[in-house]
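Step one of this worksheet: look at the structure below.
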Amino acid sequence: RVEELTLGPDLRAWGAGRLELRTLAARNLQLNWQASDKGLTLAGLPAAQWQTLLKLERGAQFTSISLEQAEFCQREENNNQCWVLGKGQASDIIWRWDRVGWQLASRSTLVLDKTHLQNEKANLAVFLIEKSVMRDFVFSNDWSRIAQWQMNGVHLVDRTRDEQKNIENAYQTQASSLLINDLGYKTGLSTQLHLGQLDVTSLRQTLHQNRDQVMLATAQLRQFLPFTERFFNPNTPLTLAIDKTRIYDAAVAWRDDSVTPAVSESLVGLNGELGSLNSLKPNEPTSLTLVTKLSKQSEFQLRGQIRPFARAFSIDVQGNFRNIMLPNYASYFASLYQESPKEGQLDGTVSISAAENQFKLDGMITLTDLRTLGEGNLSRQAQDITLGRAFEKLRGEKHHVDVEWHFTSDLNKEKDPIKTALAKSFKTTLVRMVQNDWRSAGVRNLSGLGTNPDGPLSFDPFRYS
């Protein structure tokens with residue numbers, strides 16, 4: 001269906017067996033196809049028949065294309081989805097079709113405004129892109145390339161189609177801009193995806209334990225874009241390479257309901273850079289830099305290397321943090337120590353490494369003005385001293401205490417969750433320092449520390465406007 005269509009054909013080219021359009025403009029265009037169609041069908045005719053009818057053996061060329069309020073819909077019995085385009089403009093587009101397959105190429109720029117994928121039955125838009133600018137691209141049946149792709153106002157959330165307002169959903173992703181340079185995608189015996197550079201600005205992310213909500217947008221994209229199945233098919237190898245990833249001014253929020261009362265936290269002002277990633281070189285380290293704040297007041301920095309594609313994930317990073325306000329995490333102290341900090345601040349530097357099943361942490365930590373309420377419950381170790389009392393005994397005339405902390409764990413043998421083992425080790429270190437047992441202050445034997453299984457995690461959403 002189309003309300004207004006403007007064509008400017010080159011009749012001489014048509015006589016020579018070519019289709020060339022100086023202008024193609026459409027307003028309020030709607031195209032529907034059935035999900036059961038094996039190939040693209042237009043007006044009841046397969047694309048191959050249209051190719052013969054329009055003399056497209058040697059391809060087609062479009063000097064200028066303009067679409068306004070276009071909808072391309074896939075119809076199913078239970079789920080109708082439409083790719084909706086507010087406005088689109090392109091020039092110098094060439095369509096080729098030969099024995100190898102089809103190819104769409106351009107050396108110009110494709111601009112799309114107000115693009116979203118909507119589920120008509122649920123009246124939801126799964127994603128929304130305010131503006132998309134694609135430069136110098138080639139698409140074909142087996143490989144694709146985009147020189148540069150700039151997206152502004154990216155929303156991967158559940159949104160009402162009519163008012164474009166967020167519904168109450170705990171999983172949301174927003175980015176002010178997304179820039180991809182040198183994007184390549186190739187299919188065959190294996191699927192290859194390469195990104196030269198990925199820049200994300202003003203990312204806003206919430207996390208939630210409900211995996212059904214987390215995967216909703218992905219599932220709908222897979223239904224609408226069949227080629228994405230290649231990314232989720234375990235029988236088809238996927239090669240991923242990203243030369244550089246940079247993140248500017250991001251924020252991540254979550255809520256942990258495994259403790260009472262629940263702890264809500266957010267990373268803000270997050271800036272980071274990730275070096276070269278290549279799944280074909282799993283043992284090659286990737287540099288990592290991260291600078292952020294907890295709750296706008298506690299500074300946190302992390303630098304080091306990771307190997308995400310190695311047979312066993314490995315990490316070797318160094319970090320430093322300042323102004324960690326302990327009362328904000330009183331719920332964790334209550335669950336681990338049966339006492340809660342009412343005052344106190346934590347500063348320090350740490351070195352974290354993990355390879356195979358070995359986890360190691362070394363740190364220099366400074367506790368300042370610590371005061372806790374409640375009694376410790378470590379009677380099985382004949383240790384009933386609280387963190388607050390340990391601090392009082394150690395600080396002397398100072399208002400702070402420095403602790404050198406060393407921790408190692410074999411994850412194959414350790415029965416406690418690692419957060420529990422870390423917590424027990426930290427308190428045991430303080431207690432042995434109080435008892436002048438300096439040799440044992442760096443605790444390595446974690447046997448007999450008991451168990452504290454992890455509880456479920458759930459998170460509150462951001463509230464976007």
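Computed from a predicted model, the values in this text were never measured in an experiment.
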State, with a plain yes or no, whether a side-chain heavy atom of F321 is found less than 4.5 Å away from one of L294.
no
Spatial distance of atom NZ (K398) from atom OG1 (T366) [nearest 0.5 Å]
9.0 Å
Less than 4.5 Å apart, side chain to side chain, heavy atoms only: is that true for V111 and K131?
yes
Quick one, L183 and F137 - any side-chain contact, counting heavy atoms below 4.5 Å?
no
Centroid separation W405 to F426 less than 6.0 Å:
yes
Identify, with sequence neighbours excluded, every residue that meets ring pair (Phe, Tyr, Trp, His ring centres under 6.0 Å) alongside F333.
Y337
Could you pull out the closest heavy-atom pair between S106 and S91, with the gap in Å?
OG-O, 3.4 Å
Check side-chain hydrogen bond (donor to acceptor under 3.5 Å, both in side chains) between R371 and all other residues, then give those that pass, not counting sequence neighbours.
none
What closest approach, in Å, do L370 and P341 show between heavy atoms, and which atom pair accounts for it?
CD1-CB, 4.3 Å
Tell me if a side-chain donor or acceptor on T372 pairs with a main-chain N or O of G388 at a distance below 3.5 Å.
yes
Counterpart residues, side-chain hydrogen bond (donor to acceptor under 3.5 Å, both in side chains), relative to T201 (two or more places apart)
S177
Just by modelled atom types, is the A262 backbone N or O under 3.5 Å from a matching donor or acceptor in the S331 side chain?
no
Is a side-chain N or O of T292 found less than 3.5 angstrom from the main chain of V268, in a donor-acceptor match?
yes
Tell me, do M134 and T109 make a side-chain contact under 4.5 Å, heavy atoms counted?
no
Is K244 paired with D199 through a side-chain N to carboxylate O contact shorter than 4.0 Å?
no
Check: K360 main-chain N/O paired with T408 side-chain donor or acceptor under 3.5 Å
no
Please determine whether side chain to side chain contact (heavy atoms under 4.5 Å, CB included) holds for the pair L274 and I242, giving the CA-CA distance in whole Å, both sets of side-chain angles, and the decisive distance to 0.1 Å.
CA-CA 9 Å; L274 195 63; I242 305 177; over 6 Å; no
Sorted by chain and number, sequence neighbours left out, salt bridge (charged side-chain N to carboxylate O under 4.0 Å, His left out) with K114 holds for E130
Taking side chain to side chain contact (heavy atoms under 4.5 Å, CB included) as the test, write out the residues that go with T239, two or more places apart.
Q192, S279, L280
Assess the residue pair D410 and Q358 against the criterion (side chain to side chain contact (heavy atoms under 4.5 Å, CB included)); give the C-alpha distance rounded to whole Å, side-chain angles, the decisive distance to 0.1 Å, and a yes or no.
CA-CA 5 Å; D410 187 337; Q358 295 294 323; 3.5 Å; yes
Check step by step if side chain to side chain contact (heavy atoms under 4.5 Å, CB included) holds for I129 and M151.
CA-CA 7 Å; I129 301 176; M151 289 170 279; 3.8 Å; yes
Nearest 0.5 angstrom please: H194 NE2 to N278 CG, how far?
8.0 Å
Can you sort out the partners of F300 under ring pair (Phe, Tyr, Trp, His ring centres under 6.0 Å), two or more places apart, ordered by chain and number?
none
Could you walk me through whether E273 and T289 satisfy the side-chain hydrogen bond (donor to acceptor under 3.5 Å, both in side chains) test, starting with their C-alpha distance in whole Å, then the side-chain angles of each, then the deciding distance to 0.1 Å, before giving a yes or no?
CA-CA 5 Å; E273 182 173 305; T289 301; over 6 Å; no
Which residues satisfy the side-chain hydrogen bond (donor to acceptor under 3.5 Å, both in side chains) test with S132, sequence neighbours excluded?
W149
Quick one: do the H406 and D362 side chains pair a donor with an acceptor below 3.5 Å?
yes
Side chains of C82 and F72: does their closest heavy-atom pair fall under 4.5 Å?
no
Side-chain donor-acceptor distances from residues 346-354 under 3.5 Å, at least two apart:
from: D347; atom 1: OD1; to: Q345; atom 2: NE2; distance (Å): 3.0
from: D347; atom 1: OD2; to: N323; atom 2: N; distance (Å): 2.9

Ion pair present between R204 and D249, side-chain N to carboxylate O less than 4.0 angstrom?
yes
Any side-chain heavy atom of E343 sitting closer than 4.5 Å to one from L326?
no
How long is the straight-line distance from NZ of K427 back to CG of L422, given to the nearest 0.5 Å?
15.5 Å
Could you grab the distance from atom CG of D113 to atom CD of E68, nearest 0.5 Å is fine?
10.5 Å
Identify the two heavy atoms, one from F391 and one from T368, that lie closest to each other, and give their separation to 0.1 Å.
CZ-C, 4.2 Å
Do L110 and V133 come within less than 4.5 Å of each other through their side chains, counting heavy atoms only?
no
With L85, which residues qualify under side chain to side chain contact (heavy atoms under 4.5 Å, CB included), at least two apart?
L67, A70, L112, T115
Considering residues at least two apart in sequence or located in another chain, which fulfil the side chain to side chain contact (heavy atoms under 4.5 Å, CB included) criterion with D142?
S140, T187
Pairs meeting criterion side chain to side chain donor-acceptor pair (under 3.5 Å) with involvement of residues 298-321, two or more places apart
E299-R322, Q301-R303, R311-E356, D316-Q318
Nearest atoms (heavy-atom pairs only) where G319 meets L302
CA-CD1, 3.9 Å
Less than 4.5 Å apart, side chain to side chain, heavy atoms only: is that true for Q69 and K87?
no
How many angstroms lie between atom CZ of F359 and atom OG of S409, to the nearest 0.5 angstrom?
8.0 Å
Hey, could you give me the CG/CG distance between L198 and L179, rounded to the nearest 0.5 Å?
8.0 Å
Search all heavy atoms of R135 against all heavy atoms of I146 and return the closest pair with its distance.
O-CG2, 4.1 Å
Distance-minimising heavy-atom pair for A390 and L430
CB-CB, 4.4 Å
Applying side chain to side chain contact (heavy atoms under 4.5 Å, CB included), run through E339 and L387 and close with a yes or a no.
CA-CA 8 Å; E339 56 182 302; L387 287 172; 3.8 Å; yes
N328: partners by side-chain hydrogen bond (donor to acceptor under 3.5 Å, both in side chains), with sequence neighbours left out:
none
Taking S425 for its side chain and A421 for its backbone only, find out whether a donor-acceptor pair lies under 3.5 Å.
no
